[in-house]
Amino acid sequence: MIRFGLCCIFREAPIRFRRATAKHLLSKPPAERLTTLSAICRHNAEALHQALLFCQANGIGGFRINSQILPLKTHPEVGYAMADLPGGDEIVDQFRRCGRFSRRHHIRTSFHPDQFIVLNSPNPDVVHRSMADLAYQTEVARWVNADVINLHGGGAYGDKKAALRRLVRVIGKLPTAVRNRLSLENDDRVFTPADLLPVCRQAGVPLVYDVHHHRCLPDGRTVADVTGEALETWPREPLFHLSSPLHRNGGGPCGPHHDFIDPSDFPCEWRTLDLTVEIEAKAKEIAILRLMQTLPDDLKHRCA
């Protein structure tokens with residue numbers, strides 16, 4: 001069975017997550033800053049519950065949680081512990097309620113940290129901050145029952161092989177709770193599936209296969225080959241990514257995503273799998289609901 005996953009935000013449904021900037025928070029006295037953060041975190045916990053309710057009501061089986069659901073949690077100047085926030089324990093309880101709901105209704109949740117989380121950076125400071133951010137996201141993942149924290153491989157820094165060795169080494173230093181949720185994803189600029197699959201096997205983390213990124217940065221392997229090898233890295237239900245290009249046939253850069261998913265971009269090789277497919281489309285929930293309506297007939301005719 002294919003479980004479709006919605007990524008982070010909504011196009012039309014009246015569900016919104018709030019953010020904050022360090023500049024804005026630093027303009028406030030410390031006590032007021034914490035009160036502001038408490039209100040935002042409380043709002044986001046409730047918004048997450050509303051997002052899960054929407055998914056359950058519409059047959060959407062997964063939800064990617066924005067990595068800033070607790071804004072600036074590890075920021076060097078305005079970072080905080082939940083115990084610092086007014087009503088912090090109640091906010092944690094709200095997130096745990098989301099975890100109970102997702103477990104009861106079989107909605108899979110995940111995280112996809114921001115691009116500044118780079119484990120293979122040659123800069124120890126960047127690696128240290130990245131590990132701290134992953135620890136925070138793992139803490140929230142425990143509350144909300146999320147089993148995937150997905151990262152891109154990072155940069156090549158002029159020596160791809162050395163960068164991949166650093167990645168394996170740093171993953172080995174992560175706490176078990178982080179490592180057990182960590183996955184790696186092929187990207188459209190640096191690391192292909194062929195680059196990351198050996199890392200995944202060596203480090204013991206699964207590969208999130210992004211078929212659109214593979215289209216943009218090919219490595220000579222077929223979708224069928226990578227699908228099979230990626231599946232072998234997963235000790236639980238695999239999670240892959242699907243998007244359609246905004247530009248086709250050389251009409252513009254390959255990377256940008258379309259508002260919707262062209263059903264022909266859904267690989268035939270995935271149709272019979274038990275799999276979570278996160279949909280990366282700008283129309284968000286509208287794109288998923290449309291795909292759920294059109295895909296069965298498309299697969300029946302195209303992949304029979």
Side-chain angles (χ1 to χ4, degrees), residues 7-8 19-23 64-80 110-141 146-210 212-214 216-217 219 230 233 239-241 243 253-257 278 280:
C7 295
C8 301
R19 291 193 174 220
T21 65
K23 181 178 180 180
R64 181 193 297 174
I65 300 170
N66 190 296
S67 58
Q68 287 296 317
I69 196 156
L70 300 182
L72 304 168
K73 179 74 164 57
T74 61
H75 190 278
E77 294 178 277
V78 297
Y80 52 93
S110 67
F111 287 85
H112 194 358
D114 296 324
Q115 297 295 325
F116 60 81
I117 307 301
V118 183
L119 291 180
N120 74 340
S121 172
N123 184 333
D125 234 18
V126 171
V127 174
H128 177 76
R129 290 198 301 271
S130 297
M131 293 174 75
D133 209 79
L134 289 177
Y136 136 63
Q137 293 187 39
T138 299
E139 180 182 26
V140 183
D147 73 320
V148 176
I149 300 176
N150 182 48
L151 284 182
H152 290 165
Y157 304 102
D159 187 338
K160 185 182 280 191
K161 290 183 178 179
L164 291 172
R165 287 195 297 269
R166 276 198 307 276
L167 182 57
V168 172
R169 188 165 60 249
V170 174
I171 290 173
K173 296 178 181 177
L174 293 171
T176 301
V178 178
R179 199 167 57 248
N180 285 348
R181 290 175 172 84
L182 189 71
S183 63
L184 297 176
E185 175 193 347
N186 60 296
D187 63 79
D188 59 347
R189 296 183 180 183
V190 183
F191 293 123
T192 68
D195 293 322
L196 291 181
L197 279 163
V199 172
C200 289
R201 296 184 190 109
Q202 189 174 351
V205 298
L207 180 77
V208 170
Y209 179 29
D210 189 309
H212 173 59
H213 288 168
H214 195 201
C216 296
L217 187 65
D219 56 5
T233 67
L239 187 152
F240 290 173
H241 287 177
S243 51
C254 180
H257 297 163
E278 288 188 339
E280 298 185 320

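Numbers here simply count residues along the sequence, with the first being 1.
Listed by chain and number, the residues in a salt bridge (Lys or Arg N to Asp or Glu O under 4.0 Å) with Arg189 amount to none (sequence neighbours excluded). Partners of Cys8 according to the disulfide (SG to SG under 2.5 Å) rule, which considers only residues two or more places apart in sequence or in another chain, do not exist here. The side chain to side chain donor-acceptor pair (under 3.5 Å) check on His214 picks up Tyr209, Asp219, with sequence neighbours excluded.
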* **Derivation of the side-chain contact (heavy atoms from CB on, under 4.5 Å) call for Ile117 and Leu151** => CA-CA 8 Å; Ile117 307 301; Leu151 284 182; 3.8 Å; yes
* Decide side-chain contact (heavy atoms from CB on, under 4.5 Å) for Asn150 and His241; before the verdict, give the C-alpha distance in whole Å, the side-chain angles of both, and the deciding distance to 0.1 Å. => CA-CA 11 Å; Asn150 182 48; His241 287 177; 3.5 Å; yes
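The CG atom of Asp187 lies 9.0 Å from the CG atom of Asp210; values are rounded to the nearest 0.5 Å. For the atom pair CD of Glu278 and CG of Leu239, the computed distance is 4.5 Å after rounding to the nearest 0.5 Å. Atom CD1 of residue Ile171 and atom SG of residue Cys200 lie 7.5 Å apart, to the nearest 0.5 angstrom. Residue Gln68 holds its CD atom at 10.0 Å from NE2 of His75, rounded to the nearest 0.5 Å. If you take CG on Leu167 and NE2 on His152, they are separated by 12.5 Å, rounding to the nearest 0.5 Å. Atom-to-atom distance recorded for Thr176:OG1 and Leu182:CG is 12.5 Å, nearest 0.5 angstrom.
Across every non-hydrogen atom of Ala20 and Pro71, the tightest pair is N-CB, 4.1 Å. The two residues Leu119 and Ser130 make their nearest non-hydrogen contact at CD2-CB, 4.1 Å. Looking at every heavy atom in both residues, Pro198 comes nearest to Pro193 through CD-O, 4.4 Å.
Counting only heavy atoms from C-beta outward, the side chains of His212 and Cys254 approach each other to under 4.5 Å. Within the 4.5 Å cutoff, the side chain of Ile65 has no heavy atoms near those of the Val140 side chain.
For residues 112-122, every residue pair satisfying the side chain to side chain donor-acceptor pair (under 3.5 Å) rule, not counting sequence neighbours, is listed here: Ser67-Asp114, His112-Glu185. Pairs of residues two or more places apart, or lying in two chains, never qualify as side chain to side chain donor-acceptor pair (under 3.5 Å) while including a residue from residues 163-175. Here ring pair (Phe, Tyr, Trp, His ring centres under 6.0 Å) pairs that include residues 163-197, with residues two or more places apart or in two chains, number zero.
With Gln137 as reference, Ile149 is the one residue of Thr74, Val178, Ile149 to meet the side chain to side chain contact (heavy atoms under 4.5 Å, CB included) rule. Screening Leu164, Val205, Val208 for a side chain to side chain contact (heavy atoms under 4.5 Å, CB included) involving Leu196 leaves a single residue, Leu164.
Distance alone, capped at 3.5 Å, places no donor-acceptor pair between the Arg181 side chain and the Thr138 backbone. Under a 3.5 Å cut-off, the side chain of Lys73 and the backbone N or O of Gly79 do not form any donor-acceptor pair. Remark: the backbone N or O of Leu207 is paired with a side-chain donor or acceptor of Thr233 at under 3.5 angstrom.
Looking only at atom types and distance, the side chain of Thr192 has a donor-acceptor partner in the side chain of Asp195 under 3.5 Å away.
The residues Arg129 and Asp125 are annotated as salt-bridged, a charged nitrogen and a carboxylate oxygen being separated by less than 4.0 angstrom.
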